[in-house]
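Naming: A, B, ... by sequence-line order, numbering from 1 per chain. What you see below is based on every heavy atom in this structure, not just the backbone, and it leaves out hydrogens, waters and symmetry mates.
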Protein chains: 2
Amino acid sequence: VSAVLHGYFRSSAAFRARIALNLKGIAFTTVAHDLRAGAQREEAYLALNPAGLVPVLQIDGVALTQSLAICEYLDETRPDPPLLPADAVGRARVRALAQVCACDIHPINNLRVLRYLKARFGQDQPAIDEWYRHWIAEGFDALEEELRRSPRTGRFCDGDSPTLADVALIPQVWNALRSQIDVGAWPCISSVYEVALALPAFEAALPDRQPDAI
Amino acid sequence: VSAVLHGYFRSSAAFRARIALNLKGIAFTTVAHDLRAGAQREEAYLALNPAGLVPVLQIDGVALTQSLAICEYLDETRPDPPLLPADAVGRARVRALAQVCACDIHPINNLRVLRYLKARFGQDQPAIDEWYRHWIAEGFDALEEELRRSPRTGRFCDGDSPTLADVALIPQVWNALRSQIDVGAWPCISSVYEVALALPAFEAALPDRQPDAI
């Protein structure tokens, strides 16, 4: 095994990297960094990634950061099965769908942001939960409408096999379910989630299947 | 002119798209949507982008969303000059640098988020300014360290010509300067900003050069 994924079981970004590695059939070992304990701020980890965020993927003699960049690297160096469609317009659509989760939802709901709201703005848990649900609903409303209206949508976000869009979406749906959000309000998203989790690549990447799960 | 960019002069994401279009030498017209007045939530615009966010690029008969996906599309369909390095590891580095701005900084400081802090959490302007500066400092510290230590860094973030990393960084530095943040604390970032703004492609994309600037 030559690939090492530095992550945390509950991190959406690490979850994305696990799905992509599994879809590509790349064997990897996991090094867990407990984000709640601040392990990603330890000196040895900062040497690997000065941003102090997970994941980092050590592969092919380099250390890669940022989950979407990691997925694109895996897709470029291990093209089969592809994570992006063959046509440029399709690739733009899939990347845009992935970025709704990775840019418009997840960063705002990240642990470090929720902690800021609590510690510096004195917000209580109900207020933080409302914030969390608000940004998921904003993003899922947009995603649902795009999935509903596009003839490109299939069993997965784009056609009938998983792409980068599903790699980003499934962890976000998992987060929503964990926060007791009724995802039935977004039928296309819910359907993709069920179809994806029937695949071992997604199922094995679930947070509660990870060695550091608590 | 066949390309139409839907944007807003002060939007970082639209700013990125303008830089990429300029670097590629693609003529385009601009349709401005005043984000402060909620123009991106009007029905006609939502039909174009259900997320109600800018930018949207109409080009080649399609409407593309998400600034980084737009840049990648332009790079795939108009490869010269390239926005990504020739090697997979270099592309991963450039994408990761771009994503520090596009995922780790900008979404948290976006107008809609600041408005939530003000309207629902009752935060005043000094508290919001501190939030804004905090996330820029977190991201810039990480970027600066990566630029400082990597032999790949040149006059630009990766080598001596502009890439997707600079396309994402320059709008973020502009935001920081506008918020009276002393970017001298990050010498590599400051240097890239100066070098980039000497190019017409970056200079013409500046917010205050846009027709809707106020």
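Between chain B and the residues A:Glu130, A:Gln99, A:Arg91, the largest count of heavy-atom pairs under 4.5 Å involves A:Gln99. Of the listed residues B:Ser67, B:Ala13, B:Ala69, the one with more heavy-atom pairs under 4.5 angstrom with chain A than any other is B:Ala69. Ranked by heavy-atom pairs under 4.5 Å with chain B, the list A:Asp141, A:Leu143, A:Val89 is led by A:Val89. Of the listed residues (B:Glu145, B:His106, B:His134), the greatest number of heavy-atom pairs within a distance under 4.5 Å of chain A belongs to B:His134. Each of B:Arg120, B:Arg93, B:Glu146 has some count of heavy-atom pairs under 4.5 Å with chain A, and the biggest count is that of B:Arg120.
Within 6.0 Å of CD in A:Gln180 there are 12 or fewer heavy atoms belonging to other residues, nucleotides or ligands.
Between B:Val113 and A:Ile108 there is a side-chain heavy-atom pair separated by less than 4.5 Å. Contact of the A:Gln66 side chain with the B:Asp104 side chain is registered, since non-hydrogen atoms from C-beta on lie closer than 4.5 Å. Looking only at side-chain heavy atoms (C-beta outward), B:Glu144 and A:Pro50 stay at 4.5 Å or farther from each other. Residues A:Glu72 and B:Arg95 meet the side-chain proximity criterion, which asks for heavy atoms closer than 4.5 Å.
When all heavy atoms are compared, the tightest approach of A:Leu48 to B:Arg149 is O-NH2, 3.6 Å. Across every non-hydrogen atom of B:Tyr73 and A:Ala88, the tightest pair is CD1-O, 3.6 Å.
The distance from the CH2 atom of A:Trp135 to the CZ atom of B:Arg112 is 5.0 Å, given to the nearest 0.5 Å. From B:Asn110, atom CG reaches atom SG of A:Cys103 across 10.5 Å, with rounding to the nearest 0.5 Å. With values rounded to the nearest 0.5 angstrom, B:Leu117 atom CG is found 8.5 Å from A:Gln123 atom CD. The CG atom of A:Leu97 sits 7.5 Å away from atom OG1 of B:Thr65, with the distance rounded to the nearest 0.5 Å.
Contacts of A:Val94 with chain B are absent, with no heavy-atom separation under 4.5 Å from either backbone or side chain. If you measure heavy-atom distances from A:Glu76 to chain B, the contacts under 4.5 Å come from the side chain alone. Contact of A:Leu64 with chain B is made through the side chain alone, with heavy-atom distances under 4.5 Å.
Residues passing the salt bridge (Lys or Arg N to Asp or Glu O under 4.0 Å) test with B:Arg155, sequence neighbours excluded: none.
Taking the six-membered ring where tryptophan is involved, the planes of A:Tyr116 and B:Trp131 are perpendicular, since the angle between them exceeds 60° and thus also 30°.
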